There are 2 protein chains.
Amino acid sequence: MSSTKLDTRSRILEAAWKLMEDRLGQNVRMSDIAAEAGISRQALYLHFANRADLLIATTRYIDDVKGIDARLAASRTSASGIERLDAFIEAWGSYIPEIYGVARALLAVKDTDADAAEAWSQRMQAVREGCQAAIAALDSDNALSPEWTGDRAVDLLWTMLSVRNWEQLTQDCGWTAEEFVDYSKRQAKRNFVVVHN
Amino acid sequence: MSSTKLDTRSRILEAAWKLMEDRLGQNVRMSDIAAEAGISRQALYLHFANRADLLIATTRYIDDVKGIDARLAASRTSASGIERLDAFIEAWGSYIPEIYGVARALLAVKDTDADAAEAWSQRMQAVREGCQAAIAALDSDNALSPEWTGDRAVDLLWTMLSVRNWEQLTQDCGWTAEEFVDYSKRQAKRNFVVVHN
DNA sequence: TTCGTACTTGACATTATGTAAAGTAACCCG
DNA sequence: CGGGTTACTTTACATAATGTCAAGTACGAA
């Protein structure tokens, strides 16, 4: 029974996570999070300097709990470039729905908070590196379509897999998360993989 | 000299437009707009019910001044489906940079204001109809790649041409607006146009 | 001259974030 | 047992921006 009772910091992060998920990142005030965590609003500031800070910590917390690093790392063990591309898209694409609420909140404060902008940028840079690695793997298999420079291919894959793109296709166009992943895999192969014949 | 002196409403819209463009839609308060227009902050509320209302009116104003309707309509006169696709992408893709500041501000308030969300949605629906028309033109030319259902092709073209996509490629990846348009045209043809041989 | 329209001025309400300070309750250590 | 530290509560206040309200002014038209 080491962890039947979470410490306060974790309770706050759990509360923030839950509310962000329930409300898709909207209408989650500091006071709401405090109430959900069962503490006073002021106590939040004993653990986090400000709202942006708390949001950033929440994404890190989710990353830890969900083990995204391990999931993305797994995609790097694939044998061929094509398998690696598929595995990466699968890993990241199925992770997006799990962070969508917090991601949306973070994207919203990003406009007004430099720290949040930086935190978001770093996360997206990590995704970009995954894209980069997948494209490089294709290239070393001689499977990268010659019509792309590497950088352009990375820009494009990265944009295809952006949270905003996922948002538009699933929220506005009604695709399921699986359809997004399947489509992205197909499209990436069609775009980047050369057909040797 | 019918219009050397603009009426107040137009001066407000011009002021809002200028500031949104200068500051890319960020840090533009009602008081800033009032100051730029040379009137009191309260006078804004004599012309617009609230901030969202003013933003919406500003986009309509820009649309009128820039004549986007005419530009998009022109793409409908193209002879072939492929030319029509190209012309539509050209028209919309070169319009995005002209509205980016206001679009960004509108996207930001969209999260908290139902009217703004509705206004944005309507504009994007109009773009979607353009995508729809271009895909339909391809189809009636027998040039639509059979691997797509029409709806999926529209979803995809619409997402490729979203403001968020434009934003990521130009702001984060450093593409020029022209590169975005050229790439979009190439990519749309590659994706949607069947090769008859 | 008077009336109405458009704008100004100044005061205030609201909402959310964030700061500050004093009080309390539990717990550990000597 | 007693004193101090830690974590949290309570209450009060500062700030920024939007939006409301009401009284005052200036100017043009009938």
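Every value quoted in this text rests on a predicted model; they were computed, and no experiment measured them. Letters go in sequence order (proteins before strands), and every chain restarts at 1. No hydrogens, no waters, no symmetry mates; every other heavy atom, side chains included, goes into these values.
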Under a 4.0 Å heavy-atom criterion, the protein footprint on nucleotides 15-22 of chain D, written with B, S and -, is --SBBBB-
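- For the pair B:Arg23 and B:Trp17, the NZ or CZ position fails the cation-pi test of under 6.0 Å to the six-membered ring centre and within 45 degrees of the ring normal.
- Salt bridge B:Glu21/B:Lys18: absent, no basic N to carboxylate O contact under 4.0 Å.
- Counting to the nearest Å, the P atom of C:dA21 and the CG atom of A:Leu46 are 15 Å from each other.
- Salt-bridge check for B:Asp113 with B:Arg51: failed, with every basic side-chain N at 4.0 Å or more from each acidic carboxylate O.
- Between A:Ile33 and A:Ala15, the closest heavy-atom pair is O-CB, 3.7 Å.
- D:dC8 atom P lies 12 Å from atom CZ of A:Arg9, rounded to whole Å.
- At least one side-chain heavy atom of B:Trp166 sits under 4.5 Å from a side-chain heavy atom of B:Tyr100.
- Between the P atom of C:dT17 and the CG atom of A:Leu55 lies a distance of 10 Å, rounded to the nearest Å.
- If you take CD1 of A:Ile39 and P of D:dA7, they are 13 Å apart, rounded to a whole angstrom.
- With a 6.0 Å radius and a threshold of 12 heavy atoms from other residues, nucleotides or ligands, B:Asp151 has its CG atom at or below the threshold.
- Between D:dA7 and A:His47, no contact under 4.0 Å exists linking OP1 or OP2 to a side-chain N or O.
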